[in-house]
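Just so it is clear, the values below take in all heavy atoms, side chains as well, and ignore hydrogens, waters and symmetry mates.
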Amino acid sequence: MASSASGPPIVSLRGIGKTFGNGTVAIDGLDLDVRGGEFVSLLGPSGCGKSTALRILAGLSEPSRGHVAWRVSHAPRDVGFVFQEPTLMPWATVFANVFLPLKLAGEDRAAAAPRIEATLARVGLADFAQAYPRELSGGMRMRVSIARALVTQPRVLLMDEPFAALDEITRFKLNDDLLALWRELRMTVVFVTHSVFESVYLSERIVVMSPRPGRIASELAVDTPVRDTQFRTSADYAAVCRRASEALAIAMAGERTPA
Amino acid sequence: MNEHARRLVLPLAVLALAVLAWDLVVRVNGLPPYILPGPGLVLSTLVADWPILWSSLLTTLEITFAALMLAAAGGIGLALLFNQSRLIEHSLYPYAVILQVTPVVAIAPLLLIYLPQPAAVLTCAWIVAFFPVLANTTLGLNSVDHNLADLFRLYGASRWQVLWELKLPAALPYMLGGLKIAGGLALIGAVVAEIAAGSAGAGSGLAYRIAESGYRLNIPRMFAALLLLSVAGIAIFALLSWLTHLALRRWHESAVTREG
Ligand SMILES: Nc1ncnc2c1ncn2[C@@H]1O[C@H](COP(=O)(O)OP(=O)(O)OP(=O)(O)O)[C@@H](O)[C@H]1O
Ligand SMILES: [Mg+2]
């Protein structure tokens with residue numbers, strides 16, 4: 001199983017700090033290595049700087065301090081980003097939305113069509129290429145958003161609480177779909193979440209963040225080869241969840257104690 | 001009666017009642033046509049004077065559409081320019097506002113001094129019509145979803161691609177809303193300029209007919225021309241609403257009908 005596939009770091013954050021214009025210190029002194037092929041979750045309470053860290057990783061935001069070192073190519077098509085909201089263009093069909101990254105790279109629509117259809121089939125939306133986003137359910141929109149991120153066959157997939165707005169049934173389904181894609185495509189996934197259960201179910205490694213200012217509080221490995229419905233109800237899973245919850249509680253308590 | 005039929009029948013019933021009341025007032029009081037002509041007389045005048053009124057209507061519509069096209073080009077063009085350069089926006093935007101808030105009735109006589117009448121009328125119509133297009137398009141261009149903008153940045157979109165693929169489509173509903181307002185305003189602008197030119201003007205639009213008929217106390221023709229102006233205004237609004245619907249019906253919340 002893929003859990004042993006993680007290689008050397010492909011990107012490292014060193015001493016990252018971000019202070020916003022209004023004086024908010026969102027993160028400070030954040031160190032993180034993301035290893036090739038791993039599925040890593042950033043787990044932390046709301047407002048602890050997870051999104052900020054992910055945006056810095058993606059190059060969408062400049063750190064105020066520290067630096068980001070990529071050890072592999074991170075050209076636009078090598079990095080996929082999935083936002084918390086589907087973030088689709090409402091005026092464009094599902095097909096056109098998924099085509100966007102390729103179009104921006106100057107690719108021809110006809111030449112790209114087979115790849116787009118294949119990607120849509122992969123997320124189970126083969127029949128909806130000509131639909132408009134408003135004609136889809138929330139879960140389907142999220143899958144379009146994932147298809148768009150996958151269509152360039154990125155090496156790294158950055159996801160910012162992509163399933164937070166979905167109901168549990170849909171979330172479980174998309175969790176499984178995502179794991180299948182990760183195994184099949186051998187990507188590196190950095191997954192931001194504030195759900196202990198989701199992070200334990202999905203990731204090989206959980207990085208727990210503490211708030212104000214955001215930094216890495218602890219790390220947790222989840223060594224489970226099989227992740228399925230059975231795992232979700234196993235004692236093993238419950239035990240890891242308990243450990244992750246404790247780590248999170250400690251991280252949050254650390255904030256309250258004045259330094 | 002279903003919703004659709006009701007929305008058609010109710011206003012028509014109100015119209016019928018109003019016309020009936022108008023007719024009654026004229027008959028009962030025995031009002032002479034130079035005070036208030038009855039609806040029948042207005043209608044027969046409309047038919048009798050049709051050649052004159054029709055050519056005047058065409059003139060007015062020509063000016064209105066020319067002004068609307070120029071307002072669309074000017075408003076959208078300026079909005080794009082402002083969007084691309086803060087420097088230009090900050091330098092010019094206040095003047096666009098000044099042009100808008102100065103009553104066009106007050107500008108028209110001046111324009112008529114400096115410009116030949118057709119150009120003055122067109123300019124007047126343009127001045128009142130371009131601002132809603134500019135203001136709405138500017139709002140639309142600035143209303144782009146931040147995450148979508150980030151996504152474009154992530155995929156290395158050029159300035160041109162951001163404009164063409166993201167900002168313009170996002171601004172389209174706003175732009176069309178601006179155009180819908182501009183259509184009515186262009187007609188108003190054209191009328192105001194012609195009225196300002198008065199019977200001294202060499203124009204031949206509907207407003208000129210109204211002014212001219214006023215001087216000649218040809219009140220029935222005034223009413224007939226007024227009626228045509230209203231119909232023209234309604235037609236322009238309907239046309240622009242239809243275009244908006246065509247452009248947005250597949251995706252925009254304002255144009256889609258929810259099922260269920
Ligand atoms: N653009 C901004 N300007 C000012 N402050 C900001 C900005 N973006 C984020 N912050 C602040 O930085 C801190 C971290 O925000 P961030 O969005 O990274 O949190 P998060 O961990 O992703 O939270 P959530 O789970 O709620 O999404 C918060 O205190 C927030 O108020
Ligand atoms: Mg966030």
Side-chain angles (χ1 to χ4, degrees), chain A residues 51-52 54-62 73-94 96-107 109 130-137 141 144-146 148-149 151-152 154 156-162, chain B residues 76 79-80 83-84 86 136-137 139-180 241-260:
Chain A
S51 296
T52 308
L54 200 69
R55 288 173 57 83
I56 288 173
L57 198 56
L60 282 173
S61 169
E62 283 297 314
S73 153
H74 65 294
R77 54 186 319 133
D78 293 325
V79 182
F81 199 103
V82 179
F83 296 90
Q84 183 164 345
E85 281 84 40
T87 314
L88 303 174
M89 300 179 291
W91 55 84
T93 59
V94 165
N97 267 290
V98 176
F99 177 45
L100 180 74
L102 304 177
K103 187 183 202 175
L104 293 178
E107 283 200 45
R109 192 183 171 99
Q130 295 314 316
Y132 281 79
R134 54 163 290 272
E135 297 163 346
L136 306 177
S137 72
R141 283 180 212 167
V144 176
S145 178
I146 292 171
R148 179 180 57 195
V151 76
T152 60
V156 187
L157 189 57
L158 307 178
M159 307 181 94
D160 190 356
E161 301 191 38
Chain B
I76 295 170
L80 289 177
N83 191 262
Q84 295 299 304
R86 270 285 140 85
N136 273 30
T137 308
L139 179 64
L141 291 172
N142 292 330
S143 301
V144 169
D145 181 332
H146 284 286
N147 284 338
L148 265 180
D150 278 346
L151 195 78
F152 271 67
R153 205 144 65 82
L154 207 61
Y155 286 118
S158 66
R159 216 181 158 87
W160 171 251
Q161 284 174 322
V162 170
L163 184 65
W164 190 250
E165 306 282 348
L166 178 64
K167 286 186 173 175
L168 277 176
L172 187 64
Y174 296 84
M175 221 185 272
L176 289 167
L179 270 179
K180 221 192 277 183
S241 298
W242 178 68
L243 284 179
T244 303
H245 179 77
L246 278 192
L248 303 182
R249 79 202 140 127
R250 288 305 300 271
W251 65 274
H252 198 255
E253 295 301 337
S254 67
V256 299
T257 40
R258 282 181 68 92
E259 284 160 41

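Taken to the nearest 0.5 Å, the OH atom of A/Tyr132 stands 8.5 Å off from the CZ atom of B/Arg249.
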Start with the C-alpha distance between A/Thr87 and B/Asp150, add both sets of side-chain angles, then the distance that settles side chain to side chain contact (heavy atoms under 4.5 Å, CB included), and finish with yes or no.
CA-CA 10 Å; A/Thr87 314; B/Asp150 278 346; over 6 Å; no
In sequence, state the C-alpha distance, the side-chain angles, and the governing distance for A/Phe83 and B/His146, and then conclude on side chain to side chain contact (heavy atoms under 4.5 Å, CB included).
CA-CA 11 Å; A/Phe83 296 90; B/His146 284 286; over 6 Å; no
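Summarising the geometry of A/Glu135 relative to B/Arg250, their closest heavy-atom pair is OE2-NH2, 3.9 Å, with the distance given to 0.1 Å. In terms of heavy-atom proximity, A/Trp91 sits nearest to B/Leu148 at CH2-CD1, 4.5 Å. Heavy-atom minimum distance, A/Pro76 versus B/Leu154: CB-O, 3.5 Å. The minimum heavy-atom distance between A/Leu104 and B/Tyr155, with the atom names listed, is CD1-CB, 3.9 Å. The minimum heavy-atom distance linking B/Glu165 with A/Met89 is given by the pair O-SD, 4.2 Å.
Contacts between A/Leu88 and chain B at a heavy-atom distance below 4.5 Å involve the backbone alone (N, CA, C, O). In this structure, no portion of B/Leu172 lies under 4.5 Å from any heavy atom of chain A. Contact annotation for B/Asp145: only side-chain heavy atoms (C-beta onward) come within less than 4.5 Å of a heavy atom of chain A. Only the side chain of A/Thr152 comes within contact range of chain B, with at least one heavy atom under 4.5 Å from a heavy atom of that chain.
When each of A/Gln84, A/Arg148, A/Arg77, A/Glu85 is checked for heavy-atom pairs under 4.5 Å with chain B, A/Arg148 comes out on top. For the set B/Pro173, B/Ser158, B/Ala170, the count of heavy-atom pairs under 4.5 angstrom toward chain A peaks at B/Ala170.
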